[in-house]
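Read the structure below first, then the notes.
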Amino acid sequence: MYLTLVITSQSYDALKLANWCVMAEFKGGAVLNNKRDSSLMKLYANDITKLGKWRRVVGRQNNVQDPNLRPIDFIFVVVDLRNRHLDPDLHDELSSQAKREGVRFVYLHLPKVERNTNHAA
């Protein structure tokens, strides 16, 4: 029995797009704990914009490749470890921006006290 290996430069983009269902961006961690809301707002807004651009690019690609491909869910997740919540007005502004961009916005506030609590009981 002989095995022939054929190396091609064939693109598998159509296959990847057909099986791709989520593109997510996560922002959080201790490095952001000392940032002011205004600084975080800029970081978060830039990431939401970036995901919105990807959504449009993928949307155009899907229409060219196969209009029957399932939609891709674009999600921006913030894990805020600070003791205080993001200002409600800024939260609303980010939510509105995400909605305009076609991106789901998920904000999780997990201050240190809650992270150390045993939730298994």
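Values below: every heavy atom of this structure, side chains too, minus hydrogens, waters and symmetry copies.
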Worksheet item: After noting the C-alpha distance and the side-chain angles of L94 and L86, does the key distance pass the side chain to side chain contact (heavy atoms under 4.5 Å, CB included) rule?
Response: CA-CA 10 Å; L94 289 168; L86 183 66; 3.7 Å; yes
Worksheet entry | Test log, rule side chain to side chain contact (heavy atoms under 4.5 Å, CB included), inputs L40 and R82 | CA-CA 12 Å; L40 291 175; R82 301 174 306 159; 3.4 Å; yes
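Going from atom OG of S95 over to atom CD of Q97 covers 10.0 Å, rounded to the nearest 0.5 Å. Taking OH of Y44 as the reference point, atom NZ of K35 lies at 10.0 Å (rounded to 0.5 Å). The CG atom of L90 sits 13.0 Å away from atom CZ of R36, with the distance rounded to the nearest 0.5 Å. I72 CD1 to M23 CE: the interatomic distance, rounded to the nearest 0.5 Å, is 8.5 Å. Residue K27 holds its NZ atom at 4.0 Å from CG of D47, rounded to the nearest 0.5 Å.
For CZ of R84, the number of neighbouring non-hydrogen atoms (other residues, nucleotides, ligands) closer than 6.0 Å is greater than 12.
Listed by first and then second residue, the ring pair (Phe, Tyr, Trp, His ring centres under 6.0 Å) pairs that reach into residues 79-105 are H85-H109, H91-F105, H91-Y107, sequence neighbours excluded. Applying the salt bridge (charged side-chain N to carboxylate O under 4.0 Å, His left out) test to every pair with at least one member in residues 94-107, sequence neighbours left out, gives these pairs: R56-E101, D73-R104.
Shortest non-hydrogen contact noted between V103 and F76 is CG1-N, 3.9 Å.
Two residues are said to be in side-chain contact when any heavy atoms from C-beta on lie closer than 4.5 Å; L108 and V77 meet this criterion.
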